[in-house]
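Okay, so here's the structure we're looking at.
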Amino acid sequence: MCERFHALERVRFCNSGTEANVFAVGAARAFTGRSDILVVDGAYHGGVLAFRGESPLNVPYPTHRVIYNDVQAAVERIEALGGELAAVLVEPMIGAGGCIPADGAFLRGLREATRETGALLIFDEVMTSRLTAGGLQGYHRITPDLVTFGKYLGGGLTFGAFGGRAGIMERFDPGRADSWAHAGTFNNNILTMTAGYVSLSEVYTPEAADAFFERGNDFRASLAQAVAAIDAPVQITGLGSMMAFHFAHQAPSAPGGARQIPPGLYELIHLDMIERGQFYARRGMINLALPTTDAALDAFRAALTDTLEVRAPIIRQLVG
Ligand SMILES: Cc1ncc(COP(=O)(O)O)c(C=O)c1O
C-alpha cells in the first residue's frame with residue numbers, strides 16, 4: 001500500500017472504512033489539539049460519519065459542512081475556523097453521494113487552506129483508491145496528511161486502514177511512553193492481510209488498476225452517449241469503474257440535486273432493470289467488478305437504454 005499510495009509514509013490496519021475514518025479524525029484532533037471537523041454536505045464516511053441530513057448516531061464532533069466543489073466557500077470557511085479546525089475530511093470523488101468527481105482546483109484549495117491554518121487534510125479513499133494504481137491522490141497529485149481505506153483492499157474480507165505522514169502516525173508507536181492506543185482484536189488479522197496482499201500483488205496489480213480505470217472510463221462514455229440519444233434529462237457522472245446516473249438537465253457538481261426527484265423514480269428504474277436481469281445500487285450507482293465481461297457491459301447498457309426510453313415520459317414529467 002505504501003508503494004502504491006504516495007501519501008502513505010506509515011499505515012495501520014483496522015476492520016472497516018468507518019473505523020479507519022474514526023481513527024483518522026481522532027488522530028487529527030489529538031495531533032492538532034483542536035476540536036472541529038469540516039466535511040462535505042451529502043458525504044458518507046461510515047455508519048457514524050454520515051452527512052446526508054442529520055444522523056442522531058453520528059460521532060458528536062463539532063462539525064461544519066461545505067458544498068462539494070465550491071472552492072471559494074470552502075477556503076473561506078477553513079480560514080474563518082482557523083485554530084478551531086482539526087481536520088477536513090473529504091472524498092476526492094464523492095462516492096455514495098453520486099459519483100461526483102472533485103475539480104482539481106477544489107482539492108488544491110483544500111490542501112493550501114489547511115496547510116495555512118494547520119488543520120489536517122484527510123482523504124477518504126475507502127472507495128476511490130481503486131481508481132488508478134495510486135488512487136485519486138495519485139491521479140490529482142495531491143498529498144493529504146492522512147488517508148483512509150477499506151473495501152476491496154482486504155481481498156474480499158473485512159478491512160480498513162489509515163495512514164499518512166510519518167510525523168503523525170508515529171504517535172501510535174507503542175514503544176513511546178505517550179503513545180496513542182490503537183487496539184482492536186482483529187487488527188492485522190492474518191486472514192485479511194494475506195488475502196489483501198495476494199489481491200494487490202497478484203490480482204489488482206498497478207497495471208490491472210490502470211487498465212480497469214480506462215475500461216470504466218470507456219464504458220461510462222459509451223453509456224453517456226447512449227443515454228444522450230434519449231429524450232429525457234439523465235446525466236452520467238463518475239470516474240473509472242465507479243459511475244452513477246442522475247435525473248437532471250446538467251451533471252451535478254455536488255450531492256443533493258437529486259433530492260428534489262421523488263425517490264419512487266429511482267425505485268421504478270431499479271425494478272425495471274431487475275426485471276431485465278440487471279443489478280446496480282438503487283440510488284443510481286454502478287460499480288464495475290473486475291470479472292465483468294464486455295458482453296455483460298453491453299447487455300447492461302442495452303437494458304438501461306431501453307428502460308430509460310420506455311420511462312422517458314415519466315422522467316420528463318417528474319424532472320420538468
Ligand atoms: C467513502 C466511504 N467511506 C467510508 C465507508 C465506510 O466503510 P465500511 O462500510 O467498511 O465501514 C464507506 C462505505 O461505503 C464509503 O463509501
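All values below come from the heavy atoms of this structure, side chains included, with hydrogens, waters and symmetry mates left out. Note that ligands are numbered from 1 as they come in the structure, with each ligand's atoms numbered from 1 the same way. Throughout, numbering of the chain's residues begins at 1 and tracks the sequence.
Classification of the Phe162-His182 ring pair by plane angle, with boundaries at 30° and 60°, yields perpendicular.
Between the side chain of Asp210 and the backbone N or O of Ala133, at least one donor-acceptor pair lies under 3.5 Å.
Atom 13 (C) of ligand 1 has Lys151 NZ, 3.1 Å as its closest protein atom, hydrogens excluded (heavy atom only). Nearest non-hydrogen protein atom to atom 3 (N) of ligand 1 is Asp124 OD2, 2.7 Å. Taking atom 11 (O) of ligand 1 as the reference point, the nearest protein heavy-atom neighbour is Thr18 OG1, 2.5 Å. From the protein, the heavy atom lying nearest to atom 16 (O) of ligand 1 is Met127 CE, 3.1 Å. In terms of protein heavy atoms, atom 5 (C) of ligand 1 is closest to Val126 CG1, 3.8 Å. In this structure, atom 1 (C) of ligand 1 lies nearest to the protein heavy atom Glu91 OE2, 3.0 Å.
Shown in contact with Ser16 at under 4.0 Å from a heavy atom are these atoms of ligand 1, numbered in order with element: 10 (O), 11 (O). Listed by number with element, the atoms of ligand 1 under 4.0 angstrom from any heavy atom of Asn21 are 3 (N), 4 (C).
Within 6.0 Å of atom CD in Glu267, more than 12 heavy atoms from other residues, nucleotides or ligands are found, so the atom counts as buried in its surroundings. For Phe23, the CZ atom counts as densely surrounded, since its 6.0 Å shell holds more than 12 non-hydrogen atoms of other residues, nucleotides or ligands.
Rounded to the nearest 0.5 Å, atoms CG (Leu268) and CZ (Arg282) are 10.0 Å apart.
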With side-chain hydrogen bond (donor to acceptor under 3.5 Å, both in side chains) as the criterion, how do Thr148 and Asn21 come out once you've worked through the C-alpha distance, each side chain's angles and the decisive distance to 0.1 Å? CA-CA 6 Å; Thr148 56; Asn21 280 322; 2.8 Å; yes
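Counting heavy atoms only, Gly17 comes closest to atom 8 (P) of ligand 1 of the residues Gly150, Gly17, Gly154.
Heavy atoms of Thr128 found under 4.0 angstrom from ligand 1: none, in either backbone or side chain.
Cluster note: Tyr197 groups with no other residue, as no ILVMFWY side-chain heavy atom lies under 4.5 Å from it.
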